[in-house]
Each structure stands twice: as C-alpha cells, then as structure tokens.
Amino acid sequence: MPAATAIDVLIAGAGFSGLVMAQRLSEAGLKCVVLERRDHLGGNAYDAPDGNGVLYHCYGPHYFRTNSRAVRDYLSRFTDWTPAEYRVKSHTHGQYWSFPVNLATYEQLIGKPATEAEFATWLEQERAPNPHPANSEEVILANAGPTFYELFFKGYTLKQWDRHPRDLDPSVCARIPVRTTRDDHYLREEFQAIPSEGFTRLFERMVAASPGLEINLNTDFLTARRHYNPRHTIYTGPIDAYFDFSHGHLPYRSLDFQVESFSADQLAAAGRQPISGSPGHWQPALQVNYPNDEAYTRIVEIKHITRQDTPHTNIVREYPLPADDTHEPYYPIPAPDTRLQYEKYRLAAASEPHTSFIGRLATYHYYNMDQVVAIALKEAERLLSPTGPFGAPAGPP
Ligand code: FAD
Ligand code: UDP
C-alpha cells in the first residue's frame, strides 16, 4: 500500500462547517484536503437550477438570517445579498392562514376584525403561563394556547419528528414566534437575506479563495482517510458513524424532497394567477405549511425570494421520514433521551484532541447556517492561535 500523504488538515464534509474551516486554514497557509461523499459542494445548503433554469434549494429552503456581524462580514467576502422577506402561510381546514400566529390569524379564527388589545386579552385567557416550559407542547400552550396548538403545531410536529411535542425540547417549537401585532415575519433575526447568485456560487467563491485547497467529491472520509496522514482532522459528518455506532445509532430525521417544475404554459393551464402582479408563481407565499391533512409538512416555492426574472417556477414538497442507509440525516432530534445518548459520543470525541468535531451532525445540534459558520470561524481561530496545533512554527522534521 502506498504511504499515506502528509498534509496539515483533513476535513470530512464540504458543507458550511467544512468549507469555512477549509477556507480559513488554507488562507493561513495550511495544506488542507476536503473529502465529501456527495457529488457537490455546500452540504444541505446546495442549490441548483431545474430543467427550466429556475434555481431551487435542493435540500429544503435555506433562509439565511443572523444577528452576528462577524458571520455576515465573513460571508460577504464571497457574496452580495438579496434582502428577503421570509413569509409563510399555514394551510388547514380548507384555507390559508396567516402564520406564524399574529393578529390576522386571530381575526381569521373569530371571523371578524379585532384589535391588538382584544387579541392580547383573549390570548391571556387561552395561554397557560409557564416561565419554564419543559417541552415543545408546554412552550406552545404557554405562548399561543391550545386552540392554535391543535390547529398548527401538534400535527406538524408529529409528522416532522414522529414524536409528540411533549417528547421534544422546548427549543424546537420555540423557534416559531407568536405575536399580537400584524407582524407575520417567520424569523426574528436582524439580517435576513439570501446570497444574490445562490448558495452554490458562494461556496465556489470560498473555494476560489482557498489557496492550495484540494477537494475530493464522491469520497467517503471513513474509507478514504487512510490515504492521508494529517496533523489535524475536522469531522462534520454524523458523530455516531465516526465511532462506528459503538453507542448505538443516534436518531436523525430525514426528508424526501419532491421537486416539481412548472413552465409558464403549465402554470397558465393550471389556472395559476399572477401574484402581486408578478407572473410565474404556483402558490401565494414562499412557504406553505401543512400541519394536518397531508403527508407532507410544507411546500416551498423559493422563487418568491430569489425573485428570478422568469415566467417558470418550481415547488418542493417535504415528506419526513427517519434517516437510514438511503436517506441522509438532516435533523438531530432535540430531546432528553437523545441528548443522553449523544453525551456518550461527546465524551468519546473529547478524548480525540487531534480531531475537531463541528457542525450540525457531528455535535448533534439543531443549528442554523449562521451558527455553524460562527462556530467554524471560532474553531479555525483556535487552531491557528498560539496555543493551538498550528500556532507555533513547525519543529524540525
Ligand atoms: P451539512 O450541510 O449537513 O454538511 C455536512 C457534509 O458532510 C455533507 O455534505 C455530507 O455529505 C458530508 N459528509 C457526511 N459524512 C461524510 C463522510 N463520512 N465522508 C465525507 N463527507 C461526509 N439553516 C438556516 O440557517 N436557515 C434555514 O432556513 C435552514 N433550513 C434548513 C432546511 C432543511 C430541510 C435542513 C435539513 C436544514 C436547514 N438549515 C437551515 C440548517 C443548515 O442546513 C445547517 O445549519 C447547515 O447546512 C449545517 O452545515 P454543516 O456543514 O454542519 O452540515
Ligand atoms: N412547527 C409546527 N408548525 C409549523 C411550523 C413549525 O409545529 O407550522 C414546529 C415543528 O415542530 C417544526 C419546528 O416548529 O419542526 C421548527 O420549525 P421550523 O420551520 O423552524 O423548522 P425547519 O425549517 O428547521 O425545518
């Protein structure tokens, strides 16, 4: 067998976590190699054009948002931004509802106009105040009350996670705001925008700004790692796989994405009307959630935010299912029992000082993109700091 190639850093995974590390460390003069088992860059944030040239998010919608100036400044080196209004509706009981819960949702519920004060009073009677909700059911009962819980949250959560909201951390459903005003923005962060030319272009520019970086696609780290002799390793894949499932399989949720493209003619034949004077849309909002009656959880029409100038469009339906050999792990499941199991892997990881475990899969944490970018930037800084493995000049060979 040929001798393993000596390099500085071997990186498993070319998602946000792996590529931020690769970019920072290559830029600092280290020889880095990325191994990615898929055939493209970007992990789950990858986007691509469909047959009509309409961009879509291949692994579900990726709404970039952040409160971090450092993350925004760093990524802005590789992309311009198109400001985005992340607007979502919920569809149940035969109608579209204003969502997340706000004054307009309440008006739909009672069937007449109302004031903010009336809604607040009603909500006070409905809600079950709870300063320390223990699970996702308690969070929604505390913030929105049982009527909205039953309408919008219980069924969706059961479908998405195959678990009762009672068996999920409060943080899961707490992601969704509840407001007594008419503000129907889905997210809360101060900066909300998407890369103007898409995520994939952003990743390509990161690679172009990584001197000497080698990227091997279609390559599984767990089998190909033996060809390399790195001073340090960065692993961003599922942590249970790294340790050969020695503490059992961690449960991850997966999704089946059903993509449908529509030409202008197909839209017209289907009787889809222009939305706000803009032609070529299939549904009335960027995202429509289906909490109750369908097998899918949501339909996303990303063109609402990419604002591509085209009469065609596409939609993606998401069908939740467990991750397995043929379905990628997308979501760690935030819950007390899974945390206990993950803790065993975390301890195993802590005993490997020459490997950094980062990202959504390797730390079994339900992170958004900006969070994994922030963590990767910090980890790169640590590795390059005077006390890190690359901080001191290399000793004599
Ligand atoms: P990943 O993107 O999962 O990348 C890990 C990479 O490692 C993958 O490419 C994988 O193929 C590779 N890999 C794994 N094992 C191996 C191996 N053994 N060998 C080689 N390669 C391997 N975040 C937001 O901020 N906003 C959103 O709106 C949003 N929406 C989302 C919607 C969905 C459906 C999903 C699933 C996630 C969403 N996210 C969103 C989260 C976002 O995708 C993650 O925060 C981000 O992609 C995590 O980056 P990562 O590099 O840690 O992981
Ligand atoms: N959720 C829900 N109903 C909705 C939207 C969200 O019950 O209409 C719950 C559900 O448990 C979901 C979680 O809130 O998994 C987080 O929703 P988000 O839209 O942030 O999920 P993601 O985009 O990460 O899949």
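Order of appearance sets the numbers: ligands from 1, and atoms from 1 within every ligand. In this chain, numbering begins with 1 at the start of the sequence shown.
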Does ligand 1 come near enough to [X] that some N or O of the ligand is less than 3.5 Å from an N or O of the residue?
X      : value
Met369 : yes
Gly237 : no
Asp370 : no

Check your understanding: What about the rings of Trp161 and Tyr366, do their centers lie closer together than 6.0 Å?
Key ->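 Yes, they do, as the ring centres are separated by less than 6.0 Å.
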Practice item. For Thr66, enumerate each residue passing the side chain to side chain donor-acceptor pair (under 3.5 Å) test, keeping only those at least two apart in sequence or located in another chain. Key: Asp370
Exercise for review: Return yes when Arg65 approaches ligand 1 closer than 4.0 angstrom through a heavy atom, no otherwise.
Suggested key: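 Flag set, Arg65 near ligand 1.
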**Study point:** Heavy-atom closest pair, residues Thr338 and Ala335
**Key:**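 Residues Thr338 and Ala335, closest heavy atoms: OG1-O, 2.9 Å.
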Exercise for review: Inspect the contact between Glu85 and Arg87 and indicate whether a charged nitrogen and a carboxylate oxygen are less than 4.0 angstrom apart.
Suggested key: yes
Check your understanding: Salt bridge between Arg163 and Asp167, side-chain N to carboxylate O under 4.0 Å?
Key -> no
Practice item. Quick one: list whatever passes ring pair (Phe, Tyr, Trp, His ring centres under 6.0 Å) with His232, sequence neighbours left out. Key: none
Review point. Which protein residues have a heavy atom under 4.0 Å from ligand 2?
Key: Phe99, Phe152, Phe153, Tyr156, Thr157, Gln160, Trp161, Val172, Cys173, Arg175, Ile176, Tyr186, Asn289, Arg298, Tyr331, Tyr366
Check your understanding: What pairs meet the ring-ring contact (aromatic ring centres under 6.0 Å, His included) rule with one or both residues in residues 367-389, with sequence neighbours excluded?
Key -> His365-Tyr367
